[in-house]
2 protein chains.
Amino acid sequence: MMSILNPSLSVDCVIFGLDTKEQALKILVYERNIFPDENSSNKNLKFPGSLVADDESLDESAYRVLKELTGLKNICLKQFRAFGDPARIKYDEEREWSEKHYGVKIDRVVTIAYYALIRIDEQNPDQKLIRDKLRWINIDDADNLAFDHSYILTKSREALQQDLIFQNVMAYELLPKKFTLQQLQSMYELILGSKFDKRNFRKKIGKADYIVPLGEKQNGVAHKPAMLYRFDHKKFERSKEGIRNFFI
Amino acid sequence: MMSILNPSLSVDCVIFGLDTKEQALKILVYERNIFPDENSSNKNLKFPGSLVADDESLDESAYRVLKELTGLKNICLKQFRAFGDPARIKYDEEREWSEKHYGVKIDRVVTIAYYALIRIDEQNPDQKLIRDKLRWINIDDADNLAFDHSYILTKSREALQQDLIFQNVMAYELLPKKFTLQQLQSMYELILGSKFDKRNFRKKIGKADYIVPLGEKQNGVAHKPAMLYRFDHKKFERSKEGIRNFFI
DNA sequence: CATGTAAGTGTATAATTAACACTAACAAAA
DNA sequence: TTTTGTTAGTGTTAATTATACACTTACATG
């Protein structure tokens with residue numbers, strides 16, 4: 001039994017996925033069909049989202065969306081910004097689609113935006129649950145999305161970069177359970193959009209006790225096999241308690 | 001002519017004020033009288049805020065609040081978080097007050113929170129405009145505020161600290177036009193809640209070209225007069241363009 | 001067994017941080 | 001006019017961290 005949806009409040013989820021094989025950062029988009037002539041553009045693509053039910057918190061709403069639309073759970077969502085321009089809904093077609101979709105009259109909608117990080121991995125059973133209207137697109141191709149979602153994307157990426165640099169966020173969700181240091185470095189590079197020196201990177205990693213080497217190596221690769229590592233969540237949490245001594 | 005207020009959307013402004021004389025960080029609160037027996041507690045105190053009008057953006061709404069309630073303008077507001085627990089309104093008295101105040105039926109309200117920084121300064125003419133229901137309270141005394149405003153305060157302070165450390169935000173709004181390095185250091189210490197070494201602090205400041213010494217010194221003080229400095233906004237903006245080279 | 005490919009490793013230099021104590025300049029009081 | 005109290009202002013050293021840079025190793029494949 002669904003509660004009443006608030007017609008002026010929504011949540012939207014920017015879901016970043018790291019494609020380790022393609023070495024690409026992608027986002028999950030929901031495809032509608034409200035502009036039939038625009039198959040080549042992104043006007044039909046939006047982020048997974050929903051109006052907020054009157055008895056749920058914003059976080060609950062975001063997790064509900066994620067679960068309903070993608071089947072994903074146990075992933076970490078982070079609220080990063082509210083978007084409330086009265087003209088966010090740009091086209092009549094979009095408003096009509098929304099009204100039909102939610103069954104309520106819609107005027108102005110303020111959306112609370114979240115981002116999440118997951119890995120794109122065919123071995124990952126969760127992936128099967130993603131519905132057919134959803135698909136991954138490369139983040140570099142994600143211009144001109146529906147509503148103000150391109151702007152939301154820009155802001156989400158800024159927030160992610162900030163969090164990655166300064167808070168060491170949950171970016172490890174993006175990697176497989178066992179990963180190589182090259183994959184780790186590549187993740188940083190993809191998110192931050194810059195390259196790092198391999199040796200210096202590994203020196204830093206060496207100091208992080210929460211990146212722990214398994215005894216194990218890659219196999220089946222046509223080159224020197226890399227050591228596999230895992231991420232220790234407990235040690236990570238403990239390390240984050242360390243005092244910040246930065247200023248200015 | 002006022003537009004229609006959205007009964008489920010509000011903005012709230014956490015306004016930090018630096019009292020240079022008292023060396024204290026304060027916040028601006030609005031006093032109501034809905035719990036007559038609670039003069040000693042903070043249950044009657046809330047942040048300046050308002051429901052959002054249907055034709056204004058969130059930012060516009062926040063600036064309107066600020067101007068209507070305090071007369072302040074030209075100060076920088078920063079959105080930092082949305083708060084949407086359905087049980088944010090804790091007491092019937094609060095709901096009744098809100099309904100009477102805004103003249104609409106109120107159920108669940110999601111608030112978008114902003115913070116701002118200003119200096120508390122009797123020479124500052126803006127200060128005269130602050131209305132009688134508003135007053136400054138010391139940030140350390142600000143427990144048990146109305147609604148979830150104590151929680152909002154905690155989060156706003158975290159956001160401010162983050163922004164101060166990592167972005168070098170507009171904290172210079174907190175200082176008088178001409179300030180001493182001691183005042184500057186004290187501002188950092190009050191916001192971040194820790195102490196710094198004077199010499200090391202000044203060494204860092206020395207590298208920031210946007211803190212420029214006026215030729216001038218303090219006078220009338222019963223000790224060696226300090227050099228006065230000013231803040232150069234243009235140089236500051238330029239310096240922020242510098243590439244961030246942090247990672248991990 | 002030759003080839004291609006990514007893994008893995010060390011050092012020297014520069015830059016930054018952290019810790020630490022005395023003298024100088026003023027107003028007010030004696 | 002001298003003394004006292006108070007805050008301003010200043011430099012060095014040692015430790016840590018950041019940066020730049022090139023060759024050898026281990027595997028799969030042909």
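First the proteins, then the strands, lettered A, B, ... as listed; each starts at 1.
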Interatomic spacing from CG in Asp59(B) to OH in Tyr114(B) - rounded to 0.5 Å: 3.5 Å

Protein-nucleotide distance (Leu184(A), atom CG; dA7(C), atom C1'), rounded to Å: 15 Å

Closest nucleotide among dC20(C), dC21(D), dC27(D) to the Arg199(A) side chain: dC21(D)

Reckon Lys203(A) touches a base, only the sugar-phosphate, or nothing at all at heavy-atom distances under 4.0 Å? base

Using the six-membered ring wherever Trp is involved, compare the ring planes of Phe80(A) and Tyr115(A) and label them parallel, tilted or perpendicular (cut-offs 30° and 60°). tilted

Phe83(B) and Tyr151(B): aromatic ring centres closer than 6.0 Å? yes

Taking atom types as modelled, find out whether Gln183(B) and Thr20(B) have a side-chain donor-acceptor pair closer than 3.5 angstrom. no

Within this structure, what is the CD1-to-C1' distance between Ile205(A) and dA7(C), rounded to whole angstrom? 16 Å

Taken to the nearest whole Å, CD/Gln185(B) to P/dT7(D) is 14 Å

Test Lys26(A) against every option in Asp140(A), Asp141(A), Asp19(A) by the salt bridge (charged side-chain N to carboxylate O under 4.0 Å, His left out) rule and name the one that passes. Asp19(A)

Report the nucleotide, chosen from dA8(D), dT9(C), dG8(C), that has the shortest atom-to-atom distance to any side-chain atom of Met227(A). dG8(C)

Side-chain donor/acceptor of Asn144(A) to backbone N/O of Asn42(A), under 3.5 Å: no

Using whole Å, what does the distance between atom P of nucleotide dG8(C) and atom CD1 of Ile211(A) come to? 14 Å

Residue Asn200(B), side-chain heavy atoms: nucleotide from dC21(D), dA18(C), dG8(C) that is nearest: dA18(C)

Please report the distance, rounded to the nearest Å, between CZ in Phe201(B) and P in dA8(D). 12 Å

In whole angstrom, what separates Asp197(B)'s CG from dT13(D)'s C1'? 14 Å

Give me the ring orientation class for His149(A) and Phe147(A): parallel if the planes are under 30° apart, tilted from 30 to 60°, perpendicular past 60°. tilted

Which protein N or O atoms sit under 3.5 Å from an N or O of nucleotides 4-6 of chain C?
residue : atom : partner   : partner atom : Å
dG4(C)  : N2   : Ala222(A) : O            : 2.6

Distance, rounded to the nearest Å, where Asn219(B) contributes CG and dT6(D) contributes C1': 17 Å

Between dT7(D) atom P and Leu228(B) atom CG, what is the distance in whole Å? 17 Å

